[in-house]
Amino acid sequence: MKLMAKTRNIGISAHIDSGKTTLTERILYYCDKIHKIEDVRGGGDGAKMDHMELEKEKGITITSAATTVHWHGIANEGITFAEGVDKNARVNIIDTPGHVDFTVEVERSLRVLDGAILVLCSVAGVQSQSITVDRQMKRYKVPRLAFLNKMDRMGANPFKGRDALIEKLGHNAVLMQIPIGAEDEFCGVVDLVTKQAFYFDGDNGENIRIEDCPADLVDQMEEYRAEMIDKVAEYDDEVMENYLEGNEPSEADLHKCIKVGVNSLSLTPVYMGSAFKNKGVQTLLNAITRYLPSPLECAKPTAVTEENESVELEPNKEKDLVCMAFKITDEQFGQLTYTRIYQGTLTKGETVYNTRTKKKVRVGRMVRMNSNDRENIDSAHAGDIIAMVGVDCASGDTFVGNDKHLNISCEGIHVPIPVIELSITVKDKNEQAKLSKGLQRFLKEDPTFHVYTDEESNETRIAGMGELHLEIYVERLKREYGVNPTIGAPQVNYRETIAMEAGFDYLHKKQTGGSGQFGQVVGRIRPLTDEEKDTEDQNFKFNNNIKGGSIPSEFIGACEKGFNDIMEKGPLAAFPLINVEVFLEDGKYHDVDSSDMAFRIASRQAMRQAISKADAKLLEPLMKVEVTTPDEYQGSVIGDLSSRRGMIQGSETDPNGEVIINALVPLSEMFGYSNELRSMSAGKASFTMEFDKYSECPNNISEKVMAERKEKLLSDD
């Protein structure tokens, strides 16, 4: 229990290029995990957490990486840690990608973490991917701290960053520090709890100098400190009462209040610094160990039974083992399975049960990860994040140590739908075998990566979250498997839906001698709006409104499957149907001739009947595009986005004079955009793009897509 109380499982997430990996590199250095700081870009071996060659070349994080560090605190600060934690806190860190194409890496990391650091650029503030990451943190109810990075940059403004957290993300954000100096003169921070000034001396900021608050900052410090106390005191009635009576809270009281606020998800303490210039990282580490919860303090995780009943898991190493595989990679010596242990103890050599496959598997080797390096361990317990070597499973599988719990499954991970696909072919059978091996590996590793064979053309197609996502996998096929594939033009994953309500009444009756088939279904379908969905990615909703047993309950499941079967191919161009709600209201059955198959066939035909009357529409994926460009190219960029059928949502100017343009643009119009943007802005503009929603195609586009689809289907025949 003592070790668990000292453990923090945290993730570092942010918009692309906000400094997540640089921050993690400094944390490793100050915790004595590495002895030389490497940069994400530039010479040397590259940042420790970016271990893939492609990551080092492109200067971006592609896959999340895990590491474990021990933080001993700032020696002369006084009270360094929260009550019950000594000065040797163990911090398990997952550094996640910022690029939206790899967003599933953030999803599955946050699913297993107890706390997070939301990194923001202190110049740009809240950016498009910051909003996505924040939404993911809220989805998994992860307590967080905010770190305003790049305080040394021109235009850095922590007060504006705090305001953006409040206005754009709806956070109760409170500054815990104010800066000493600004931009290139930024040299330290003043802590608003202790009123002390922290300076980071030495070549790598390793020597911390603590002094009184500079005289010229005392008034500003007292102003923001009073604001901070006003907001945090409300998390303890006694502290608030004393404060209202004119008694200033003690440091211990403030720490206690802040921790309560963070763990209730209603307070976001804001820290600041420059990871690249080695300033402010150690004070952030103190905040991590002081305010973010240990596995004992965080909300208890849950699992579900086959009956869909919720089961609370206890962070107790003496209980029966329950752990979840949240990320897998195939390596030279077998599969590496990143695992979060929620309950019990996992020991090397132990046999565990996979609750999905219902199979036993022996854990021959366990390791603690430090990016791509690993340390062999003999056991791990509740609260740990480790990796099992050579265990065959899929991402999201649950393992237990006792077969009486075989029906328990940890809750799944939200997986976004792919929006872009490519055809991929190779020259000969030898390359085909290598291609299949590589694609199967990627398929297992990444839930957002899809591989299928086009039924009409018999060609292999890969689908993913964006051009970069698929580009990375094609490059990995070349490097890791020696495959030189031919890639087809990118294709958009269109969808179909219905625009109006329609009824169905279908009788399936077949007599062939002996027992026949009989099933009748009656009901209606209607469009499902975004507001009516129970979950973010729900596209089919089934309602069983049968009364009086007109269809026996044992056939209802077959009816639902039959309705859902038709969702795979819509009537317009054979694209999948989405956002359809089905109401099964009546029907008939036969004591002898009714069966699961009869009702499944009846439901399929009824669904086709209803859809034909429900005014089907073609939908195209709209992408949320954020372009950052120098002011002189603003007109060209906006004009170009408009010519791509883009809807400009707004623009703002950042402190560096660059304009940030937000737009919604159909994905079909965005292929090759990076090259054209580079050309029109002399290489000075950049953009990010992520899926936003499906929207109805204009008639001319819809007709064109359907004609092309029809032509393709005919040519494939």
Side-chain angles (χ1 to χ4, degrees), residues 50-58 60-66 94 96-97 99 101-109 324-339 354 356-357 359 361 363-365 367 369 371-374 387-397 399 412-413 415-416 418 420-454 459-487:
D50 283 349
H51 57 82
M52 287 175 63
E53 286 302 318
L54 276 167
E55 292 180 314
K56 292 173 182 176
E57 286 176 21
K58 292 181 177 290
I60 62 170
T61 302
I62 292 169
T63 180
S64 54
I94 298 182
T96 60
H99 199 288
D101 282 17
F102 310 106
T103 190
V104 74
E105 294 283 342
V106 186
E107 290 280 352
R108 56 185 169 191
S109 298
M324 186 179 90
F326 67 93
K327 171 182 166 68
I328 61 175
T329 58
D330 270 334
E331 301 199 335
Q332 182 181 356
F333 303 107
Q335 182 172 298
L336 190 67
T337 305
Y338 289 77
T339 307
N354 185 322
R356 179 182 63 87
T357 63
K359 290 181 180 178
V361 61
V363 182
R365 184 182 170 206
V367 295
M369 299 301 297
S371 185
N372 205 32
D373 299 330
R374 57 207 67 182
M388 302 183 290
V389 180
V391 172
D392 186 34
C393 67
S395 182
D397 281 0
F399 293 93
I413 299 163
V415 179
I420 185 174
E421 62 181 59
L422 303 169
S423 64
I424 183 166
T425 54
V426 287
K427 287 178 278 189
D428 53 43
K429 287 186 178 179
N430 182 40
E431 281 209 328
Q432 182 63 47
K434 292 180 183 177
L435 175 68
S436 297
K437 186 178 179 183
L439 292 180
Q440 285 306 309
R441 172 188 166 189
F442 301 152
L443 196 61
K444 205 173 183 184
E445 289 181 4
D446 184 353
T448 60
F449 180 72
H450 292 230
V451 179
Y452 66 96
T453 302
D454 191 303
E459 65 184 6
T460 302
R461 304 192 72 79
I462 58 175
M465 301 306 297
E467 284 185 280
L468 180 62
H469 188 209
L470 298 184
E471 179 190 317
I472 291 294
Y473 279 122
V474 170
E475 188 62 32
R476 287 182 64 186
L477 284 169
K478 293 176 182 176
R479 296 186 185 204
E480 297 171 29
Y481 291 91
V483 176
N484 191 23
T486 301
I487 305 301

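Going from atom CG of L435 over to atom NZ of K429 covers 15.0 Å, rounded to the nearest 0.5 Å. Taking CE from M369 and CD1 from I94, the interatomic distance works out to 11.0 Å, rounded to the nearest 0.5 Å. The line from OG1 of T425 to CZ of R461 is 10.5 Å long, rounded to the nearest 0.5 Å. Rounding to the nearest 0.5 Å places CG of L443 at 9.5 Å from OH of Y473. Going from atom CD1 of I472 over to atom CZ of F442 covers 10.5 Å, rounded to the nearest 0.5 Å. The structure places CG of L470 at 9.0 Å from CD1 of I424, a figure rounded to the nearest 0.5 Å.
Under the 4.5 Å side-chain criterion, counting only non-hydrogen atoms from C-beta, L336 is in contact with V367. With a 4.5 Å cut-off on side-chain heavy atoms, F399 and V391 count as touching.
The existence of a salt bridge linking K359 and D397 is excluded, since no basic side-chain nitrogen approaches an acidic carboxylate oxygen closer than 4.0 Å.
Between the Q432 side chain and the V426 main chain, no donor and acceptor come within less than 3.5 Å of each other. Under a 3.5 Å cut-off, the side chain of Q335 and the backbone N or O of C393 do form a donor-acceptor pair.
Between A325 and T337, the closest heavy-atom pair is CB-CG2, 3.3 Å. Considering every non-hydrogen atom in both E431 and K427, the closest pair reads OE1-N, 3.7 Å.
H469 pairs in a side-chain contact (heavy atoms from CB on, under 4.5 Å) with only one of the listed residues (I462, D446, I420), which is D446.
Residue K437 qualifies as open at atom NZ: its count of foreign heavy atoms under 6.0 Å is 12 or below.
A cation-pi arrangement is absent between K434 and Y481 under the rule of less than 6.0 angstrom and at most 45 degrees off the ring axis.
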